[in-house]
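The figures here come from the full heavy-atom set of this structure, side chains too, leaving out hydrogens, waters and symmetry mates.
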Amino acid sequence: MKEKPIVGIIATSNYMKTNDTFQDTYRYGNNYVKKLMAEGAIPYFIPLLDDGVILDSLCICDGLLIPGGSEIKPFHFDIIDYFYKRNKPILGICLGMQALAAYFQKDKKILKRIDNGVDHHPVVLTRDNETTLAHEIKIEKESLLYSIIKKD
């Protein structure tokens, strides 16, 4: 029997947003957990400490999911670097894809929000629209993704 793959999920960071140390929290989207489990994977919440990654915690992961968010942080690059150097699959969604693009730039100092993309706010994701809420994307015909799914 084949073991289920373990997919690490990067959290959204709320570290140092206030002076209250009890508000230093990390969040993980329930939707990603449900989708991974539906596909037969085991979700693993990558632990962060003081807005940094505990690299030893990544060794159990077979792949990585970088979800959307509002800010690329240095720990994104540390985690991407770990998976990339070990040739493990990485999926970036929204900000996650931007983090991947920034990682593969020669100058990795791209740590600012990209303001010219799709504005996701004030879109409200609710339980009623979570499976239908989406925005259009364009896949370049010369890309690897297009060669796989044959759709633009």
Side-chain angles (χ1 to χ4, degrees), residues 3-127 130-131 133-140 143-145 148-149:
E3 289 186 34
K4 295 180 178 183
I6 298 172
V7 178
I9 305 173
I10 298 179
T12 300
S13 171
N14 289 320
Y15 181 70
M16 298 286 284
K17 298 282 183 180
T18 72
N19 285 331
D20 182 350
T21 58
F22 288 105
Q23 298 302 315
D24 289 346
T25 60
Y26 302 100
R27 297 178 314 174
Y28 302 88
N30 191 53
N31 290 344
Y32 298 122
V33 174
K34 287 194 302 190
K35 295 291 184 186
L36 287 170
M37 290 183 68
E39 294 301 321
I42 298 170
Y44 171 72
F45 300 136
I46 297 173
L48 299 172
L49 176 63
D50 295 335
D51 237 16
V53 64
I54 304 166
L55 286 174
D56 289 340
S57 71
L58 303 178
C59 66
I60 68 167
C61 298
D62 300 303
L64 173 65
L65 170 64
I66 312 169
S70 60
E71 185 179 2
I72 299 172
K73 301 240 179 175
F75 66 76
H76 284 97
F77 295 138
D78 295 336
I79 295 170
I80 292 168
D81 192 62
Y82 181 92
F83 281 84
Y84 177 70
K85 287 182 176 174
R86 287 159 181 79
N87 200 30
K88 292 185 178 188
I90 302 170
L91 173 64
I93 299 173
C94 200
L95 179 89
M97 183 52 88
Q98 293 177 26
L100 285 167
Y103 173 82
F104 286 104
Q105 295 298 312
K106 289 182 182 179
D107 179 6
K108 294 181 185 168
K109 297 187 189 306
I110 304 173
L111 293 175
K112 63 180 183 177
R113 185 174 180 183
I114 298 173
D115 292 326
N116 59 354
V118 173
D119 185 7
H120 294 82
H121 308 285
V123 173
V124 176
L125 180 64
T126 67
R127 297 186 197 291
E130 72 181 7
T131 60
L133 185 64
H135 61 76
E136 290 186 19
I137 62 168
K138 180 171 176 24
I139 301 170
E140 298 292 332
S143 70
L144 176 61
L145 181 57
I148 295 168
I149 65 172

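- Rounded to the nearest 0.5 angstrom, M16 CE and T21 OG1 are separated by 10.0 Å.
- Not a single donor-acceptor pair under 3.5 Å links the side chain of K73 to the backbone N or O of S13.
- Shown here are the side chain to side chain donor-acceptor pair (under 3.5 Å) partners of K17, two or more places apart in sequence or in another chain: there are none.
- Annotation: the span from L65 atom CG to I9 atom CD1 amounts to 5.5 Å, rounded to 0.5 Å.
- Residues I60 and Y44 approach most closely at CD1-CE1, 3.4 Å, considering heavy atoms.
- Using modelled atom types, no side-chain atom of D50 and backbone atom of G52 make a donor-acceptor pair closer than 3.5 Å.
- Closest heavy-atom contact between P5 and G40: CD-O, 3.6 Å.
- When the side chain to side chain donor-acceptor pair (under 3.5 Å) test is applied to D62, no partner is found at least two apart in sequence or on another chain.
- Screening L64, L58, I90 for a side-chain contact (heavy atoms from CB on, under 4.5 Å) involving Y82 leaves a single residue, L58.
- Atom-to-atom distance recorded for I66:CD1 and Y32:OH is 11.0 Å, nearest 0.5 angstrom.
- Closest of all the heavy-atom pairs between C61 and F83 is CB-CZ, 3.5 Å.
- For F77 against A99, the heavy-atom pair with the smallest separation is CE2-O, 3.5 Å.
- Put simply, CD on E71 and NE2 on H76 are 9.0 Å apart, with the number rounded to the nearest 0.5 Å.
- Heavy atoms only, all atoms of each residue included: A102 and I72 are closest at CB-CD1, 4.5 Å.
- A donor-acceptor distance shorter than 3.5 angstrom exists from the side chain of Y26 to the backbone of D51, with no hydrogens or angles considered.
- Closest approach of V53 to L48, counting heavy atoms only: CA-CD2, 3.9 Å.
- Taking CD1 from I93 and CD1 from I10, the interatomic distance works out to 11.5 Å, rounded to the nearest 0.5 Å.
- Note on ring orientation: taking the six-membered ring where Trp is involved, the planes of Y84 and Y103 are perpendicular (angle over 60°, cut-offs 30° and 60°).
- With rounding to the nearest 0.5 Å, the separation of SG in C59 from CD1 in I54 is 11.5 Å.
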